[in-house]
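Below is one structure; the comments refer to it alone.
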Amino acid sequence: MLDRAIIEFDKALRTVLAPARSVRPVPGEGVPDAMLDDAERRHAAALMRINHVGEICAQALYQGQAMMSRDPAIRDTLRQASQEETEHLAWTERRIAELGGRKSLLNPVWYGGALALGLLAGRFGDRWNLGFLAETERQVERHLKGHLETLPTDDARSRAIVEQMKVDEAEHADMAVRLGAHELPAPVKGAMKFAARLMTTVTYRV
C-alpha cells in the first residue's frame, strides 16, 4: 500500500509540475502559425489554458477512478485512457507557450478537486464509475466544440489540436459505454455542468 501511495503521489506531482510528453505528433505541427493580433492571441491562449486545465483534471479523475476500481480490466483501460490524455496535456501546454500565454495558477487546486471526484465516483462501483467517465467526456467534447466556434478563424494550429482532442474524448466516452457505463441521473449531470462552467470561467482569467 505504501509503494502504491508513493507511485500515485509521484504521478500527481509529475502531472502538475513536470512538462508532459507526447508520443503522437502534435496536431497542426506543420501548419504555419497565423498572424494574430494581441486580442486574438490572448483569447486563444486563454482557451488553450482552459483545455490544459481540463486535461489536468482528466489525469486526476482517471487516477482516482482507477484507484477505486474493483475490476482489473477496467482499471487497466482507465490507465490506458489516462496515457492518451497525457498527450493532450503536452499539446495544450506547448500551444500555450507558442501563444505567449501561461498555465493556470490554480492547477494544484483543480487537480486535487478532480482527484477527490474520481475517488468518490469509484466508491459507487465500476458501472457508475464508468458512467461518470462517459458523461465527463461527453461534456468535454461539447466544450471543445464550443471552442472551435470561438477560436480565431486563422488559428489553424490551435484548431487542429482541439479537433483531435474532440475525436479522442468521444472515443473515451464510447469506450466507457462499451464497458457497461450506467447513465447518470439528470441532477448529477447538471451539477457536473455547473462545476465545469465555474472552472472554465475562473481559468480563462487565472
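Position 1 is the first residue of the sequence, and the numbers go up from there. These numbers were taken from a predicted model, which means no experiment stands behind them.
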Just how far is it from atom [atom1] of [X] to atom [atom2] of [Y], taken to the nearest 0.5 Å?
| X | Y | atom1 | atom2 | value |
| --- | --- | --- | --- | --- |
| Gln139 | Leu144 | CD | CG | 12.0 Å |
| Thr201 | Ile50 | OG1 | CD1 | 7.5 Å |
| Glu40 | Leu151 | CD | CG | 10.5 Å |
| Glu149 | His147 | CD | NE2 | 10.5 Å |
| Met165 | His88 | CE | NE2 | 6.0 Å |
| Leu99 | Asp33 | CG | CG | 6.5 Å |

When clusters are formed by joining ILVMFWY residues with side-chain heavy atoms under 4.5 Å apart, either directly or through shared neighbours, do [X] and [Y] land in the same one?
| X | Y | value |
| --- | --- | --- |
| Leu115 | Met68 | yes |
| Val31 | Val162 | no |
| Leu120 | Trp128 | yes |
| Leu47 | Val140 | yes |
| Leu105 | Met199 | yes |

Heavy atoms, side chains only, cut-off 4.5 Å: are Val202 and Trp110 in contact? yes
Test ring-ring contact (aromatic ring centres under 6.0 Å, His included) applied to Tyr204 - qualifying residues, sequence neighbours left out: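 For Tyr204 the ring-ring contact (aromatic ring centres under 6.0 Å, His included) partners, ignoring immediate neighbours, are His43.
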Would you please name every residue forming a ring-ring contact (aromatic ring centres under 6.0 Å, His included) with His172, sequence neighbours left out? none
Over all atoms of both residues, closest heavy-atom pair of [X] and [Y]:
| X | Y | answer |
| --- | --- | --- |
| Gln65 | Asn129 | NE2-OD1, 2.5 Å |
| Thr86 | Ala20 | O-CB, 3.9 Å |
| Arg75 | Ser69 | NH1-O, 2.8 Å |
| Glu137 | Ala173 | CB-CB, 3.7 Å |
| Ala45 | Gly101 | CB-CA, 4.0 Å |
| Arg70 | Gly122 | NH1-O, 3.5 Å |

Evaluation steps, side chain to side chain contact (heavy atoms under 4.5 Å, CB included), between Asn51 and His143: CA-CA 9 Å; Asn51 292 331; His143 152 85; 3.0 Å; yes
Should Arg95 and Asp155 be marked as a salt bridge (charged side-chain N to carboxylate O under 4.0 Å, His left out) after you check the CA-CA gap, both sets of side-chain angles, and the distance that decides it? CA-CA 11 Å; Arg95 188 58 186 152; Asp155 189 3; 2.7 Å; yes
Residue pair Trp91, Met48: steps toward the side chain to side chain contact (heavy atoms under 4.5 Å, CB included) verdict: CA-CA 9 Å; Trp91 300 347; Met48 296 309 285; over 6 Å; no
Could you tell me whether the side chain of Thr203 and the main chain of Thr200 form a donor-acceptor pair under 3.5 Å? no
Passes side-chain hydrogen bond (donor to acceptor under 3.5 Å, both in side chains), His52 versus Glu55? Steps please. CA-CA 5 Å; His52 182 266; Glu55 299 308 322; over 6 Å; no
Do the charged groups of [X] and [Y] touch, with an N to O distance under 4.0 Å?
| X | Y | value |
| --- | --- | --- |
| Glu163 | Lys166 | no |
| Arg24 | Asp168 | yes |
| Glu135 | Arg142 | yes |
| Glu98 | Arg94 | yes |
| Arg159 | Asp154 | no |

Going through the distances and angles, do Leu130 and Met175 end up as a side chain to side chain contact (heavy atoms under 4.5 Å, CB included)? CA-CA 9 Å; Leu130 289 168; Met175 170 202 71; 5.7 Å; no
With salt bridge (charged side-chain N to carboxylate O under 4.0 Å, His left out) as the test, pick out the partner of Glu93 among Arg21, Arg49, Lys103, Arg102.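 Exactly one option meets the salt bridge (charged side-chain N to carboxylate O under 4.0 Å, His left out) with Glu93, and it is Lys103.
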Contacts under 3.5 angstrom, residues 177-184 side chains, donor-acceptor by atom type, not counting sequence neighbours:
unit_1 : atom_1 : unit_2 : atom_2 : d
Arg178 : NH2    : Glu171 : OE2    : 2.9
Glu183 : OE2    : Lys189 : NZ     : 2.4

In sequence, state the C-alpha distance, the side-chain angles, and the governing distance for Leu133 and Leu78, and then conclude on side chain to side chain contact (heavy atoms under 4.5 Å, CB included). CA-CA 9 Å; Leu133 170 60; Leu78 289 168; 3.6 Å; yes
